[in-house]
Protein chains: 2
Amino acid sequence: MSIAIENFVKAIYKNGKHDHNDTKPGNIAKELGISNAAATDMAKKLAAKDLLHYEKYQELKLTEKGTKMALNVVRKHRLWEALLFKLFDLSLHDIHREAELLEHQTSDLLANKISEFLGNPKFDPHGDPIPNSAGEITTIDTSIPLSNGEEGKTYIISRLMSDDKEFLDFCVQNGLKYGNSVLVSKQFSKNKMTQILINHNTILLNEDFTSIIYVNEQD
Amino acid sequence: MSIAIENFVKAIYKNGKHDHNDTKPGNIAKELGISNAAATDMAKKLAAKDLLHYEKYQELKLTEKGTKMALNVVRKHRLWEALLFKLFDLSLHDIHREAELLEHQTSDLLANKISEFLGNPKFDPHGDPIPNSAGEITTIDTSIPLSNGEEGKTYIISRLMSDDKEFLDFCVQNGLKYGNSVLVSKQFSKNKMTQILINHNTILLNEDFTSIIYVNEQD
DNA sequence: AAAAATATTTAAGCTTACTTAAAAATATTT
DNA sequence: AAATATTTTTAAGTAAGCTTAAATATTTTT
């Protein structure tokens, strides 16, 4: 299957993971940077290939086959991120950009070799789970957005759910990375700001950031 | 530039390295598995982009710009081969196949990181020289095909100039690899067979093989 | 040097993955 | 519930990268 198809299916998978699905052609088009018309066309084409269910004006829904394809691409993406992160001194954003290309040119054999080399990791450097070779995600995600954290509690950062350069650079600069602890010192309900303590520094975050930083309660 | 263009330019570069150029559209077409007509079309298109010189019915010749592009792709290919060879237990043939895809999806930044990680190697696992980041091959190749070896002399294998699975499997099985010594015990001029001693084993090779195994005299 | 074989080029056509523009349906606002 | 705005769909068209078939040029053989 082509790169365009892999990316289309992947975009539906990603946009369908939220509570409120965003998988109408227009949203997928926006995600991929193509026109709405192109997305509708593609949706029809992929329905004919049994990769998704298409009904006029409705949300696009992946079939089992389509989900498998998406997870296979996601697996390769996250394995590349993990490998590049381990081997090279590159920013998370750069790593994401490289993985975005490499994911489509990677045989299942190579993906398995990368996985094995890394000790079959369950998470990538963003904290995102890596599907296994059968296309299953076996870990259970109990994390919550930092915006839902409670005052006075300490949390462990589990996922940084964005590939935005500005955001990731900010995270690196402030020690906001996978595995680190944060204490929620104050939640401002009015303007939805959150004050946290990390590495002995107090910083103030707005909801744009606290809604994509996911954390787990400390055991 | 597209993958098709990169592969086209690379094919001309490879076919132009022999003493007798094989860079007419038909030869490039054969190399790439496309029709002659497609190769002619592409040649005209690339001439307009100043990547090659095209004259009807003549050999295709890369411009400086085209050569640079070819060397850049070759560099990425060979760096990937070197990295995959180092990290994973994969056959040279498999490594070649993966590199053939990855080479087109690799930024210059990533290529440089791979090179640095490997200690800026000058050769890939086939013994082929790796162009530097400026697109130059700085090593001088003094090797000769094993078919030109002299009886009684010992040589060091420097290059295995093929990506054919059968050939590479045979080489692995018999210890014919980059850096190993071979003694030419007998040259049969009649049928162009060569008897060699390697790892205490005597084996007989025909010209198909001895013409693509390149060696250097021992210092 | 002529005939036969081979290679190159031209021409017409196909598929993929897009585009823009206009029509039709759905969502939102008032 | 009507009017307005937004989305989705349809339709027509484009560029890249191929294909096959036929015309033309070059090479090889005799």
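Predicted model only: the values in this text are computed from it and were never measured.
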Could you tell me the separation between the CD atom of Glu55(B) and the P atom of dA25(D), rounded to a whole number of Å?
16 Å
Tell me, which of residues 34-44 of chain A have any heavy atom that sits under 4.0 Å from an atom in DNA chain D?
Asn36(A), Ala37(A), Thr40(A), Lys44(A)
Interatomic distance, Lys56(A) NZ vs dT8(D) C1' [rounded to whole Å]:
10 Å
Do Ile130(B) and Phe123(B) come close enough that some side-chain heavy atom pair is under 4.5 Å?
no
Can Asp22(B) and Lys30(B) be counted as an ion pair, charged N to O under 4.0 angstrom?
no
Lys24(B) side-chain N/O to dT6(C) phosphate OP1/OP2 under 4.0 Å:
no
Between Asp164(B) and Ser162(B), is there a side-chain donor-acceptor contact under 3.5 Å, judged purely by atom types and distance?
no
Which ones in residues 6-14 of chain A lie close to DNA chain D, meaning a heavy atom under 4.0 Å from one of its atoms?
none
Just checking, any donor-acceptor pair under 3.5 angstrom between side chains of Ser115(B) and Asn120(B)?
yes
Between Asp163(A) and Arg97(A), does any NZ, NE, NH1 or NH2 come within less than 4.0 Å of an OD or OE carboxylate oxygen?
no
Does the side chain of Asp124(B) come under 3.5 Å of the side chain of His77(B) through a donor N or O and an acceptor N or O?
no
Glu59(B) CD to dT8(C) C1', straight-line distance once rounded to whole Å
13 Å
Taking atom types as modelled, is there a side-chain donor on Ser147(A) or Glu207(A) under 3.5 Å from an acceptor on the other?
no
Test item: side-chain donor near acceptor, Thr142(B) and Asn216(B), under 3.5 Å:
yes
Please state how far atom CD in Gln58(A) lies from atom C1' in dT26(C), giving the value in whole angstrom units.
10 Å
NZ/NE/NH1/NH2 to OD/OE distance under 4.0 Å, Arg159(A) and Asp141(A):
yes
In dot-bracket notation, what is the pairing pattern of DNA chain D, taking Watson-Crick (N1-N3 plus N6-O4 or O6-N4) and G-U wobble (N1-O2 and O6-N3) contacts under 3.5 Å, with [ ] crossing and | for other strands?
||||||||||||||||||||||||||||||
Side-chain heavy atoms of Phe88(A) within contact of Asp94(A), under 4.5 Å
no
Roughly, in whole Å, what's the span from OH in Tyr57(A) to P in dA23(C)?
14 Å
Taking salt bridge (charged side-chain N to carboxylate O under 4.0 Å, His left out) as the criterion, tell me which of Arg78(A), Lys10(A), Lys76(A), Arg75(A) meets it with Glu103(A).
Lys10(A)
Once you round it to whole Å, what is the distance between P of dC18(D) and CD1 of Ile3(B)?
10 Å
OP1 or OP2 of dT8(C) versus the side-chain N and O atoms of Tyr54(B): is any pair under 4.0 Å?
no
Kindly say if Lys45(B) contacts the phosphate of dA16(D), meaning a side-chain N or O under 4.0 Å from OP1 or OP2.
no
Separation of Ile28(B) atom CD1 from dG17(D) atom C1', in whole Å?
17 Å
Between CE of Met1(A) and P of dA17(C) the distance, given in whole Å, is 10 Å
